[in-house]
Amino acid sequence: MKKGIFWCMDFDTNHPKLIIAAVACDRNDLTNEAAAFSAKSGENFNHKAEWSKPDKRITREKPFNNYLRGRVEIKNGKAAIFLNPDLPSEPVIRQIFDAFEIAANNGLKSIRVQRDGSWHYRYICHDPLQLP
């Protein structure tokens, strides 16, 4: 399984595309890979910091907050998926589970999907006039 962050492109289709920054971990958040975490906590990735890393053809040269986004955390045998409340359920959740290799049979006690309406996930921009 993996923990990390994602952006969702083409979320209005049955086959949404995710851009992810992730690292493999066990059910207790331990990683065997070296990872340069960019979040203030030092334990995960930061959306703004990671957005400059993929090729511009992938990001379509849009700002980091142009796409709906979210985060996957794994701690104490539990997975938590935080995502923008505007993301539709079924196809997007399926893509997240696949991309982050999340399944109940990999030793997780629980898997929680939380639509997060906080400013971090709520503030998105599909129109450049909405940028600060």
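Side chains are part of it too, since the values below use all heavy atoms of this structure and drop only hydrogens, waters and symmetry mates. In this chain, residues are counted from 1 in sequence order.
The minimum heavy-atom distance linking A99 with I20 is given by the pair O-CD1, 4.1 Å. Of all non-hydrogen atoms in N46 and K48, the two that sit nearest each other are OD1-N, 2.9 Å. Across R27 and L108, no two heavy atoms sit closer than the pair CB-CD2, 4.1 Å. Closest non-hydrogen pair, N28 versus G77, comes out as OD1-N, 3.6 Å. Contact record, K2 with A24: CG-CA, 4.0 Å, taken as the closest heavy-atom pair. Nearest heavy atom pair, residue I111 against residue A103, reads CD1-C, 3.9 Å.
R112 has its side chain within reach of F82: a pair of non-hydrogen atoms, C-beta onward, lies under 4.5 Å apart. Under the 4.5 Å side-chain criterion, counting only non-hydrogen atoms from C-beta, N44 is in contact with R71.
Comment: K56 does not engage E61 in a salt bridge, judged by the lack of any side-chain N to carboxylate O separation of less than 4.0 angstrom.
Under the side-chain contact (heavy atoms from CB on, under 4.5 Å) criterion, N76 pairs with no residue at all, not counting sequence neighbours. With sequence neighbours excluded, no residue forms a ring pair (Phe, Tyr, Trp, His ring centres under 6.0 Å) with F97.
With values rounded to the nearest 0.5 angstrom, D116 atom CG is found 13.0 Å from I81 atom CD1. With values rounded to the nearest 0.5 angstrom, T31 atom OG1 is found 6.5 Å from K3 atom NZ. A distance of 13.5 Å separates CD of E50 from CZ of R69, quoted to the nearest 0.5 Å. Residue R94 holds its CZ atom at 8.0 Å from NE2 of H15, rounded to the nearest 0.5 Å. Distance CD1/I19 to CZ/R60: 7.5 Å, rounded to 0.5 Å. Rounded to the nearest 0.5 angstrom, Q95 CD and D10 CG are separated by 10.5 Å.
Judged by distance alone, the side chain of H47 and the main-chain N or O of G70 form a donor-acceptor pair under 3.5 Å. The backbone N or O of L68 sits nowhere less than 3.5 Å from a side-chain atom of D86 that would complete a donor-acceptor pair.
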**Study point:** Residue pair I93, L83: steps toward the side chain to side chain contact (heavy atoms under 4.5 Å, CB included) verdict
**Key:** CA-CA 10 Å; I93 300 300; L83 51 92; 3.6 Å; yes
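Exactly one of F64, F6, W7 qualifies for a ring pair (Phe, Tyr, Trp, His ring centres under 6.0 Å) with W51. That residue is W7.
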